[in-house]
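As structure tokens, the structure follows; a few thoughts come after it.
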Amino acid sequence: LLLGPTFPKRLWCAWEVFANFAFSSQEQALSRIVLCQLEGLEGEECASPLMDLCHFDVLSASCFDPNHEVRLKRVIRALGADRFNQRIRHMARQILKHHSSGGFQGQEA
């Protein structure tokens, strides 16, 4: 995951986190996640986007391409926006918990 200040507001970022957890066990999903911080972010700044994702709201998220946003939100509506929000928030907490013991060891981009 490429962590930067806009990460929690990018719908594609949330979707990729969701998809990673949807098609594998939690343990497998967590083991495949590498946290990569944007250059210049350190320590708590790197954790901040994931902490913000713990309060994710699909209604506040967007895509650069409005056509992608419409399509993704249509799929998310089928699942239920509240349910999607809850899953993203839970996944963010699990990622934070998993990576807090070893710190953020991702590569700088």
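Numbers here simply count residues along the sequence, with the first being 1. In what follows, every heavy atom counts, from backbone to side chain, and hydrogens, waters and symmetry copies are set aside.
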If you measure from [atom1] on [X] to [atom2] on [Y], what distance do you get to the nearest 0.5 Å?
{"X": "H90", "Y": "I88", "atom1": "NE2", "atom2": "CD1", "value": "11.0 Å"}
{"X": "I33", "Y": "H98", "atom1": "CD1", "atom2": "NE2", "value": "8.0 Å"}
{"X": "M91", "Y": "L50", "atom1": "CE", "atom2": "CG", "value": "13.0 Å"}
{"X": "N85", "Y": "D57", "atom1": "CG", "atom2": "CG", "value": "5.0 Å"}
{"X": "F7", "Y": "L2", "atom1": "CZ", "atom2": "CG", "value": "8.5 Å"}
{"X": "L35", "Y": "I95", "atom1": "CG", "atom2": "CD1", "value": "7.0 Å"}

Is there a path from V75 to F23 through hydrophobic residues (I, L, V, M, F, W, Y) whose side chains come within less than 4.5 Å of each other?
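No, separate clusters.
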For the side-chain contact (heavy atoms from CB on, under 4.5 Å) test, which of L72, I76, V70 pairs with R74?
V70
Taking C13's backbone N and O only, do any of them form a donor-acceptor pair with E16's side chain (distance below 3.5 Å, no angle check)?
no
Check for a donor-acceptor pair, side chain of S24 on one end and backbone N or O of F21 on the other, with a separation under 3.5 Å.
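No: the side chain of S24 does not pair with the backbone of F21.
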Around atom NZ of K73, are there more than 12 heavy atoms of other residues, nucleotides or ligands at under 6.0 Å?
yes
Considering non-hydrogen atoms only, spot the tightest contact between [X] and [Y] and give its length.
{"X": "H55", "Y": "R89", "result": "C-NE, 3.8 Å"}
{"X": "P8", "Y": "F56", "result": "O-CD1, 3.5 Å"}
{"X": "C54", "Y": "R93", "result": "SG-CG, 3.6 Å"}

With sequence neighbours excluded, tell me which residues meet ring-ring contact (aromatic ring centres under 6.0 Å, His included) with F18.
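Residues passing ring-ring contact (aromatic ring centres under 6.0 Å, His included) with F18: W15, F84.
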Is any side-chain heavy atom of [X] closer than 4.5 Å to a side-chain heavy atom of [Y]?
{"X": "R10", "Y": "S62", "value": "no"}
{"X": "N20", "Y": "R32", "value": "yes"}
{"X": "R87", "Y": "L79", "value": "yes"}

Show your reasoning for whether side-chain contact (heavy atoms from CB on, under 4.5 Å) applies to V34 and L1.
CA-CA 6 Å; V34 176; L1 302 176; over 6 Å; no
